[in-house]
Amino acid sequence: MPEGHTVHRLARTFASLFAGPALRVSSPQGRFADGAAVLDGRRLVASQAWGKQLFLGFEGDLWLRTHLGLYGAWTFAGAPDAPEVVHAIGAPRKRIGERETTVVPSVVDPTTEGSTGGWLVPSPRGQVRVRLLGDHAVADLTGPTACEVITAEEKTAVEARLGPDPIRDDADADVFVARVGRSRVTIGQQLMDQAVVAGVGNIYRAEALFRAGVDPLRPGRDVPAVAVRAIWDDLVVLMRDGADRGAIVTTRPEDRVPDGGAAGPGRTRQNTDGTPGAVPSDEAFYVYHRDGLPCRRCGAPVLAKELAGRNLFWCGVCQV
DNA sequence: TCCAAATGTAAAA
DNA sequence: TTTACCTTTGGAT
């Protein structure tokens with residue numbers, strides 16, 4: 001899934017595109033028909049992210065909680081006068097070049113045609129669980145692992161299970177540092193535990209540990225507290241940058257040497273949208289999906305192994 | 001046309 | 001620790 005930075009980006013996008021007027025909420029696919037009926041016609045009054053959870057607040061104290069899971073995605077289309085148009089946020093789907101293609105959709109949703117001030121609303125593509133339609137934009141959700149209407153109390157309960165989120169201003173770094181140091185579970189596994197730190201995924205895990213020079217397999221309690229704190233501080237910088245940029249980039253400019261295609265096409269295919277000036281995906285990471293390639297720092301081959309069902313990447317020389 | 005992979009998590013065993 | 005689930009995509013067949 002998109003990691004926490006993507007979800008924060010989504011929260012901002014919903015606030016700017018949909019806050020205000022009553023929304024039409026539907027479930028083209030049908031699997032969220034009941035929830036959509038409950039929300040239809042209500043105004044969006046809040047848009048929040050905590051880790052990988054997105055909470056859209058509707059009048060009447062109801063919240064739409066969505067989680068993109070491994071391959072969920074939101075796809076947006078906007079009217080020409082929309083304040084901001086983001087055509088696709090999520091993963092894994094390649095959207096290179098679509099920035100220009102969805103402005104004038106070739107297929108128009110007949111049920112909404114003529115009711116949106118002349119703006120042509122595209123028909124849902126694929127298995128769209130939820131569609132939010134506002135005055136200036138439409139958002140379609142596909143493939144989520146969670147999509148439900150909850151109360152404020154239920155939202156609080158979900159948040160109570162999450163660790164601090166480095167992107168949020170209210171995050172408490174001390175909680176993270178203390179928890180990591182209390183457990184013998186490896187630092188690599190703890191970083192993927194949303195109860196320890198919310199929003200970190202497989203890429204930020206691998207990259208933050210490389211930048212800190214910490215072996216992912218070291219027990220959390222054996223990592224010096226100052227090093228754990230440094231990892232937190234780095235995550236704050238990296239993840240906030242990711243939310244602003246719309247892509248994960250962890251390499252410093254001086255380390256950005258292309259791999260000459262050695263990684264092969266498609267290794268890191270969904271990180272960037274092809275925006276001019278963006279850091280190419282084969283220069284964006286130190287170790288993620290670079291197993292077998294030389295470490296950007298020391299030249300030793302990057303290592304990989306499966307840990308708790310996820311691929312772990314690291315440099316055995318730089319990370320001790 | 002088929003199949004594996006993907007920035008994930010919860011439940012079952 | 002294994003399985004199930006949700007969906008799209010690109011490369012192989």
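To find a chain, count down the sequence lines: A is the first, B the second, and so on, and within it residues start at 1.
If you check B:dA6, C:dT7, B:dT9 against the side chain of A:Gln127, the one that comes closest is C:dT7. Listed nucleotides: B:dA10, C:dT7, B:dT9. Nearest to the side chain of A:Lys52: B:dT9.
Rounded to an integer number of Å, the gap from CG of A:Asp193 to C1' of C:dT1 is 16 Å. Separating the OH atom of A:Tyr288 from the P atom of B:dG8 is a distance of 8 Å, rounded to the nearest angstrom. A:Gln189 places its CD atom 14 Å from the P atom of B:dG8, with the value rounded to the nearest Å. The interatomic distance linking A:Asp291 (CG) with B:dA6 (C1') rounds to 14 Å, in whole Å. Taking atom CE of A:Met192 as the reference point, atom C1' of B:dT9 lies 10 Å away to the nearest angstrom. A:Gln53 places its CD atom 11 Å from the C1' atom of B:dG8, with the value rounded to the nearest Å. For A:Arg310 and B:dA6, the CZ to C1' distance is 8 Å, given to the nearest whole Å. Atom pair A:Leu70:CG and B:dA4:P shows a separation of 16 Å (rounding to whole Å applied).
Between B:dA5 and A:Asn311, no contact under 4.0 Å exists linking OP1 or OP2 to a side-chain N or O. Between B:dG8 and A:His67, no contact under 4.0 Å exists linking OP1 or OP2 to a side-chain N or O.
The side-chain heavy atoms of A:Val320 and A:Asp215, taken from C-beta on, include no pair separated by under 4.5 Å. Side-chain contact between A:His5 and A:Tyr204: present, with at least one pair of heavy atoms (C-beta onward) separated by less than 4.5 Å.
Looking only at distances, a side-chain donor or acceptor of A:Asp40 sits under 3.5 Å from a matching main-chain atom of A:Val25.
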Dump the intermediate steps for ring-ring contact (aromatic ring centres under 6.0 Å, His included) on A:Phe58 and A:Phe18, then the final yes or no. CA-CA 11 Å; A:Phe58 289 80; A:Phe18 294 102; 9.7 Å; no
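With sequence neighbours left out, A:Thr145 forms a side chain to side chain donor-acceptor pair (under 3.5 Å) with no residue at all.
Backbone-only engagement by A:Gly126 is indicated by non-hydrogen atom pairs under 4.0 Å involving sugar-phosphate atoms exclusively.
Rounded to the nearest Å, the gap between the P atom of B:dA13 and that of C:dC5 is 12 Å. The C1' atoms of B:dA10 and C:dT8 are separated by 22 Å, rounded to the nearest whole Å.
Of the residues in residues 25-33 of chain A, those placing a heavy atom less than 4.0 Å from an atom of DNA chain C are A:Gln29, A:Arg31, in numerical order.
Taking the ring centre of A:Tyr286 as origin, the terminal cationic atom of A:Arg297 falls inside the region bounded by 6.0 Å and 45° from the ring axis.
Within the structure, ring-ring contact (aromatic ring centres under 6.0 Å, His included) contacts touching residues 294-320 of chain A (residues at least two apart or in different chains) are A:Tyr288-A:Phe313, A:His289-A:Phe313.
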